[in-house]
Structure formats: C-alpha cells, structure tokens
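To start, the structure itself, in structure tokens.
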Amino acid sequence: MPPPPPLPALAPEPCAGVPPSPPLALGLDATAFDALGAAPDVDYRALFVPHADPPRRLQRWAAARGVRLRGLRPIARERGSRSEKVLFGLDDGYAVEAVLIRRVDGHTACVSSQVGCAFACRFCASGRAGMKRNLAAGEIVEQVVRLGPRVNRIVFMGMGEPLNNYDAVLAAIRILRDRRGLDFPTTGITVSTIGIPKALARLREEHLAINLTISLHATTQAVRDHLIPGARRHDLAEVVDRALSWAMRHNRVVTFVYLLLPGLNDSPADADRLARMLAGRPARVNLMRWNPVAGIALPRTPDGSLALFRGRLSRAGVPAVVRDTQGRDIEAACGQLWLRGGPGPQHDQAALRDAETRR
C-alpha cells in the first residue's frame with residue numbers, strides 16, 4: 001500500500017472537546033514575528049533561549065499576542081556515554097524522541113519530523129505503529145532549542161520521513177538559519193530521507209546549501225521493496241537519479257546510506273551494482289550495521305563482510321566508509337527511536353510507562 005499523502009504543516013488537530021492550542025512562537029519566521037508588533041525588550045533572537053521557563057518579559061510578550069513560547073514537555077531523559085535521549089510530550093498526547101550527540105567541537109541534534117513513520121522499514125522502530133501526524137515547524141525547531149546552546153549540527157534522522165513533511169521541515173530549516181534568530185549555518189544541517197522522487201525534485205530547486213543523505217539499503221527494486229514497504233511506488237533508479245541531480249545542481253556530494261544485512265543485500269553482486277550506480281558521480285557511501293530493535297529479528301553484519309563490501313566499492317572508485325552510530329547504549333542510535341504515548345488525558349504517564357518498558 002503506498003504511503004498516505006503529506007499532511008499540511010499545521011498545528012495538530014485537538015482532541016474532541018479540547019480547544020485548539022495557540023500557535024508556537026518558535027514556528028514564526030522573522031516576518032511573522034514582526035507582524036505581531038514590536039516590543040522594546042523582545043527581539044526575534046530572544047525567542048530561541050534554551051530555557052524551559054523563558055524570562056518574564058518573553059512570557060508577557062507571548063501572552064499579549066496569543067502565542068505559546070513552548071509546546072514540548074520533557075518527560076524523560078536517558079544519558080549514554082556520548083549521547084542523551086530526550087522524550088518530549090506533545091499537546092495531543094503523543095511523544096517523540098530526540099537525541100543529543102556530544103562531539104569534541106560541539107553537539108549534534110538528531111531531531112524528529114513526524115509522529116511515527118509511514119514507510120515501515122523492516123529494520124526500524126519508528127514506523128512500527130504507523131504515522132500518526134506531522135510535526136509542525138515550531139515543534140521541530142523547539143527540539144533543537146531545547147537540546148541546548150552547544151548544538152552546531154542538526155540531522156533530520158529521528159522519527160519520521162522529513163520529505164513526507166516537506167513544508168514544515170523546510171520552514172523549520174529557514175527559521176533555524178534566519179540571521180535575526182539562531183543564524184544556524186545551513187551547511188551544518190543534514191536531511192536524511194528514503195528518497196521521495198517528487199520531493200527530491202522540489203528540493204533541487206531550493207536555495208539551501210544543506211547536506212543530503214539517502215537511505216538506499218538495496219541495489220534492486222525487489223529487495224528495497226521488501227526492506228522499505230512504504231517506498232514500493234518509488235523507483236530505485238529514479239531515487240538515485242534525483243539525488244544525483246540535486247548534488248550536481250548544488251555542487252555538493254550526496255551521501256547514500258547502505259545498511260548491510262547478511263543474506264539480503266551484502267553480496268559481491270550488490271557491491272558491484274552499487275558501484276555502477278555511483279562511480280564517477282558526486283556521491284559517497286556510508287556503510288552501516290543494523291542497530292538491534294526489540295521485536296525485530298535481524299542479524300548484524302560481521303566486520304569481515306563490511307570490509308569486503310567496502311573494498312569492492314573503493315576499488316571501483318566509490319568513496320565508502322563504515323559508520324557506527326552513537327547512542328546504541330541507550331537505544332538512541334539510527335532506527336531505535338520509538339513512537340510513544342497517544343491521545344488522552346494521561347499522555348505523559350502513558351508515554352513514560354511505554355519508554356520504561358523498552359529499556
């Protein structure tokens with residue numbers, strides 16, 4: 001069954017009998033902020049303070065204009081050796097996870113773009129309950145803000161398919177990079193996608209120097225359809241061609257992520273097909289091992305198989321590295337983030353109980 005069409009990038013529908021929430025201030029671009037009327041002690045940059053309880057001057061400004069300064073509630077935090085996972089509660093009772101990854105030269109924020117995911121990748125936790133709704137631009141921006149002031153890289157590699165929530169994700173990126181706000185460098189932002197051809201065509205025409213990562217994971221249509229059921233209508237060759245077209249249009253290199261799964265996509269023939277797709281093109285390959293997920297039985301690729309696959313790509317002239325993602329010690333690595341909670345008055349407690357049972 002093909003994935004559902006993208007939903008509009010608006011605030012979530014309220015539960016029955018519950019009045020709609022005011023808009024999020026962090027979903028305002030600078031023009032919309034100006035339209036609300038100036039205040040002598042509040043400028044646009046002030047909206048992005050990382051505190052859960054913003055200064056009173058901001059609270060007065062928001063109350064007078066009918067906007068909310070914060071929409072996410074941290075429900076639980078779990079710290080690992082180099083990463084920290086935060087469970088954020090949403091207004092409608094769902095909860096999403098975001099991850100802070102500590103590096104020597106700063107922090108990376110791994111953020112979610114949807115509540116769940118429609119693509120149901122066989123190796124991933126996020127789509128096991130389906131896709132509930134899109135996150136609004138302000139909910140995406142707030143994840144970055146709440147993960148702290150040392151964040152200098154953002155990766156859209158949390159829950160959801162970013163290009164299936166195209167308008168909100170692009171709005172969030174533009175808000176984050178606005179010079180009057182966080183002034184975040186666009187080159188520090190990576191969008192990771194399974195590759196929706198029409199969305200890649202739109203992204204090609206955007207004037208944004210972001211980084212693009214394609215979750216490929218297969219070299220034949222049959223294997224990709226098996227691994228990513230929600231992407232069955234997307235032709236593999238077209239996904240690759242659209243991504244390479246984006247790279248050439250923006251004079252950048254596109255990264256193809258390839259999760260090696262023994263007996264499924266790790267044969268010498270797979271390596272040779274991948275090399276033929278990408279050799280001589282503005283592309284590189286990140287090879288990855290599967291990160292275990294409760295309830296999914298898949299083997300992890302041994303080091304020897306990774307080395308052989310990488311060697312065949314390298315000899316064909318395709319740059320390839322083996323990437324081990326951070327956060328596996330707290331189930332915060334790629335593919336390990338779960339949809340939590342659900343509509344109802346006890347959403348925080350339900351989401352927390354759900355998180356506890358996964359540990």
Side-chain angles (χ1 to χ4, degrees), residues 2-3 110 117-128 155-164 190-197 199-200 211-244 246-247 253-279 281 283-293 296-302 305-310 312-313 316 318-325 328 333-337:
C110 176
C117 183
F119 290 88
C121 298
R122 304 283 186 188
F123 44 82
C124 181
S126 298
R128 301 201 72 194
V155 293
F156 283 85
M157 297 182 183
M159 294 170 55
E161 163 52 55
L163 296 191
N164 205 32
T190 298
V191 171
S192 179
T193 172
I194 58 99
I196 301 172
L200 289 173
N211 303 304
L212 180 64
T213 295
I214 303 293
S215 296
L216 194 65
H217 308 316
T219 61
T220 68
Q221 191 69 46
V223 172
R224 196 165 198 258
D225 289 350
H226 171 71
L227 291 177
I228 312 176
R232 284 180 179 144
R233 65 175 178 172
H234 303 321
D235 179 72
L236 173 61
E238 186 180 7
V239 171
V240 173
D241 287 347
R242 294 285 190 185
L244 292 172
W246 170 90
V253 174
V254 60
T255 299
F256 290 89
V257 175
Y258 197 93
L259 176 68
L260 280 167
L261 295 167
L264 284 173
N265 63 357
D266 66 339
S267 69
D270 284 304
D272 293 343
R273 279 192 292 267
L274 188 58
R276 288 195 295 272
M277 288 179 190
L278 304 180
R281 314 299 290 276
R284 57 181 166 234
V285 175
N286 283 356
L287 300 174
M288 294 181 62
R289 299 175 179 86
W290 178 64
N291 295 309
V293 174
I296 300 177
L298 288 172
R300 273 171 66 82
T301 300
S305 297
L306 280 164
L308 289 171
F309 201 97
R310 179 179 179 272
R312 293 184 84 93
L313 292 176
V318 178
V321 297
V322 176
R323 294 286 189 200
D324 273 326
T325 56
R328 200 161 57 242
C334 289
Q336 292 185 315
L337 301 185

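Everything numeric here is computed off the predicted structure, so don't read it as measured data.
- Here the closest heavy-atom approach between residue Gly160 and residue Cys117 is recorded as CA-CB, 4.0 Å.
- Residues satisfying the side-chain contact (heavy atoms from CB on, under 4.5 Å) criterion with Thr213, sequence neighbours excluded, are Met157, Thr190, Ser192, Thr255, Val257.
- Of the inter-residue distances, the one linking Met288 atom CE with Thr301 atom OG1 reads 11.0 Å to the nearest 0.5 angstrom.
- The side-chain heavy atoms of Val240 and Arg281, taken from C-beta on, include no pair separated by under 4.5 Å.
- Residues Ala283 and Phe256 come closest through the heavy atom pair CB-CE1, 3.8 Å.
- Here Phe309 pairs with Tyr258 under the ring pair (Phe, Tyr, Trp, His ring centres under 6.0 Å) rule; sequence neighbours left out.
- By the 4.5 Å heavy-atom criterion applied to side chains, Val254 and Leu244 are counted as neighbours.
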message: Is there a side-chain contact (heavy atoms from CB on, under 4.5 Å) between Val191 and Asn211? Walk through the geometry before answering.
response: CA-CA 6 Å; Val191 171; Asn211 303 304; over 6 Å; no
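- Across all non-hydrogen atoms, the minimal contact from Ile214 to Ala243 is CG1-CB, 3.7 Å.
- In this structure, the side chains of Leu163 and Ile194 stay at 4.5 Å or more apart for every pair of heavy atoms.
- Using a 4.5 Å cut-off on side-chain heavy atoms (C-beta onward), Asp266 and Leu261 make no contact.
- Residues meeting the side-chain contact (heavy atoms from CB on, under 4.5 Å) test with Ala218, sequence neighbours left out: Val223, Arg224.
- When all heavy atoms of Ala316 and Ala275 are compared, the pair lying nearest together is CB-CB, 3.6 Å.
- The shortest non-hydrogen separation linking Leu200 to Gly195 is CD1-CA, 3.9 Å.
- Looking at Pro197 and Val239, their side chains come closer than 4.5 Å, going by heavy atoms from C-beta outward.
- For the atom pair His217 NE2 and Ile228 CD1, the distance stands at 5.0 Å (nearest 0.5 Å).
- Using a distance-only test at 3.5 Å, with no hydrogens or angles considered, no donor-acceptor pair links the side chain of Asp225 to the main chain of Ala222.
- Qualifying side-chain contact (heavy atoms from CB on, under 4.5 Å) partners for Asp241, counting only residues two or more places apart in sequence or in other chains: none.
- Checking side-chain atoms of Asn265 against main-chain N and O of Leu259 turns up a donor-acceptor pair under 3.5 Å.
- Partners of Arg312 under the salt bridge (Lys or Arg N to Asp or Glu O under 4.0 Å) rule, at least two apart in sequence or in another chain, are Asp272.
- Every residue two or more places apart in sequence or in another chain that forms a side-chain contact (heavy atoms from CB on, under 4.5 Å) with Arg310 is listed here: Leu287, Ser314, Ala320, Val322.
- In this structure the side chain of Leu274 reaches within 4.5 angstrom of the side chain of Leu216, judged on heavy atoms.
- The shortest heavy-atom contact between Ala120 and Pro229 is O-CD, 3.1 Å.
- In this structure, Gln221 contributes its side chain and His234 its backbone to a donor-acceptor pair below 3.5 Å.
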